[in-house]
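Written below as structure tokens is the structure these notes are about.
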Amino acid sequence: MSDCLETADRMLTTVVRGARGCWPRACAWLLRHELEAAMDRYWQRACPEIGQARAQRPKLLLLGHYAGTEIGQRASYLWWALTRAGHHHTYELGITATELARLRTELVALIALLDAREVSQRREVVSP
């Protein structure tokens with residue numbers, strides 16, 4: 001288990017001194033960082049050129065093409081949900097511990113799928 005995931009788990013299960021009110025957003029950012037790290041590991045195996053991109057959006061867009069539509073959709077949803085949870089919205093309630101725990105469970109399942117995903121062959125990008 002990585003440090004980010006361990007810290008997120010600690011935030012979900014215990015009271016962290018000095019983190020009152022901001023721990024849900026911190027937890028969401030830690031989980032999103034873990035998702036991005038898992039995608040980077042996948043891209044290092046599948047197509048290192050894409051993995052070198054600093055922006056996450058192109059990596060998410062291409063993930064469905066390389067790893068499969070289901071994995072791409074699940075990763076996109078998680079990235080969107082964790083990003084939204086990490087930002088402050090003035091007129092909305094923040095994310096709850098239960099919602100974060102559900103996203104964490106989905107993240108761990110997706111990481112297992114990405115880490116186990118075989119890269120059978122590199123797909124060539126054909127320009128029109």
Side-chain angles (χ1 to χ4, degrees):
M1 186 182 300
S2 76
D3 290 342
C4 287
L5 205 50
E6 282 183 26
T7 305
D9 285 349
R10 192 164 52 96
M11 289 181 160
L12 283 170
T13 56
T14 61
V15 176
V16 179
R17 283 185 77 153
R20 187 180 73 181
C22 64
W23 72 265
R25 283 195 292 277
C27 187
W29 289 119
L30 287 169
L31 292 175
R32 193 184 105 169
H33 180 74
E34 193 65 31
L35 172 63
E36 292 172 355
M39 286 194 314
D40 285 344
R41 287 192 304 272
Y42 174 78
W43 285 121
Q44 285 302 315
R45 294 189 327 265
C47 184
E49 296 86 5
I50 295 171
Q52 292 174 353
R54 298 188 76 172
Q56 295 300 316
R57 193 168 300 273
K59 294 177 188 176
L60 281 168
L61 290 172
L62 291 168
L63 191 61
H65 180 69
Y66 280 79
T69 304
E70 181 190 346
I71 289 176
Q73 289 174 346
R74 290 172 72 177
S76 292
Y77 169 74
L78 267 176
W79 195 82
W80 171 83
L82 292 170
T83 300
R84 182 159 174 79
H87 286 95
H88 180 74
H89 301 279
T90 305
Y91 297 106
E92 294 180 14
L93 295 174
I95 192 164
T96 65
T98 304
E99 292 168 326
L100 278 169
R102 186 185 58 78
L103 291 173
R104 185 226 180 262
T105 302
E106 175 65 19
L107 173 66
V108 170
L110 183 64
I111 288 172
L113 283 174
L114 278 174
D115 287 345
R117 192 68 164 185
E118 294 285 329
V119 180
S120 59
Q121 61 183 14
R122 284 180 63 169
R123 295 184 182 197
E124 297 296 325
V125 176
V126 179
S127 60

Report the C-alpha separation of Ile95 and Leu103 in whole Å, then their side-chain angles, then the decisive distance to 0.1 Å, and conclude whether the side-chain contact (heavy atoms from CB on, under 4.5 Å) test is met. CA-CA 11 Å; Ile95 192 164; Leu103 291 173; 3.8 Å; yes
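- A single hydrophobic cluster is seen to contain both Tyr77 and Tyr42, as judged by linkage of ILVMFWY side chains at heavy-atom distances under 4.5 Å, directly or through other members.
- Between the side chains of Gln73 and Ser76, no donor N or O sits under 3.5 Å from an acceptor N or O.
- For the atom pair CD of Gln56 and CG of Leu63, the computed distance is 10.5 Å after rounding to the nearest 0.5 Å.
- When Ile50, Leu110, Ile71, Leu60 are each tested for a side chain to side chain contact (heavy atoms under 4.5 Å, CB included) with Met39, only one passes: Leu60.
- Atom CZ of Arg104 and atom CD1 of Ile111 lie 8.5 Å apart (nearest 0.5 Å).
- Side-chain atoms of Arg117 come within 3.5 Å of backbone N or O of Ala67 as a donor-acceptor pair.
- In this structure Trp79 satisfies the ring-ring contact (aromatic ring centres under 6.0 Å, His included) test with no other residue, sequence neighbours excluded.
- Salt-bridge formation is not detected for the pair Glu106/Arg102: no Lys NZ or Arg NE/NH1/NH2 atom is positioned less than 4.0 Å from an Asp or Glu carboxylate oxygen.
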Report the C-alpha separation of Met11 and Leu100 in whole Å, then their side-chain angles, then the decisive distance to 0.1 Å, and conclude whether the side-chain contact (heavy atoms from CB on, under 4.5 Å) test is met. CA-CA 10 Å; Met11 289 181 160; Leu100 278 169; over 6 Å; no
Candidate pair Arg74 and Glu70, rule salt bridge (charged side-chain N to carboxylate O under 4.0 Å, His left out), full reasoning: CA-CA 6 Å; Arg74 290 172 72 177; Glu70 181 190 346; 3.2 Å; yes
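- Residues Gln44 and Pro48 share a closest heavy-atom pair of O-CG, 3.5 Å.
- In this structure, CG in Leu35 is found 11.5 Å from CG in Leu5, a value given to the nearest 0.5 Å.
- Annotation: the span from His65 atom NE2 to Cys47 atom SG amounts to 9.5 Å, rounded to 0.5 Å.
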Walk me through whether Trp29 and His87 qualify under side-chain contact (heavy atoms from CB on, under 4.5 Å). CA-CA 9 Å; Trp29 289 119; His87 286 95; 3.5 Å; yes
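- Taking every heavy atom of both residues into account, Gly51 and Asp40 meet most closely at O-OD1, 4.4 Å.
- Across all their heavy atoms, Cys27 and Leu12 have their closest contact at SG-CG, 3.9 Å.
- Rounding to the nearest 0.5 Å gives a distance of 10.5 Å between CH2 of Trp43 and CD of Glu49.
- Between Glu36 and Arg32, at least one side-chain nitrogen of the basic residue sits less than 4.0 Å from a carboxylate oxygen of the acidic one, meeting the salt-bridge criterion.
- Under a hydrophobic-cluster definition in which Ile, Leu, Val, Met, Phe, Trp and Tyr are linked whenever side-chain heavy atoms come within less than 4.5 Å, directly or via other members, Leu107 and Trp80 are assigned to the same cluster.
- When every heavy atom of Leu30 is checked against every heavy atom of Ala8, the shortest pair comes out as CD1-N, 4.0 Å.
- Of all heavy-atom pairs between Ala28 and Ala85, the closest is CB-CB, 3.8 Å.
- Counting all heavy atoms, side chain and backbone alike, Cys4 lies closest to Glu34 at CB-OE1, 3.5 Å.
- Under the rule for a ring-ring contact (aromatic ring centres under 6.0 Å, His included), Trp23 has no partner lying at least two apart in sequence or in another chain.
- Under a 4.0 Å N-O distance rule, the pair Glu92/Arg84 qualifies as a salt bridge.
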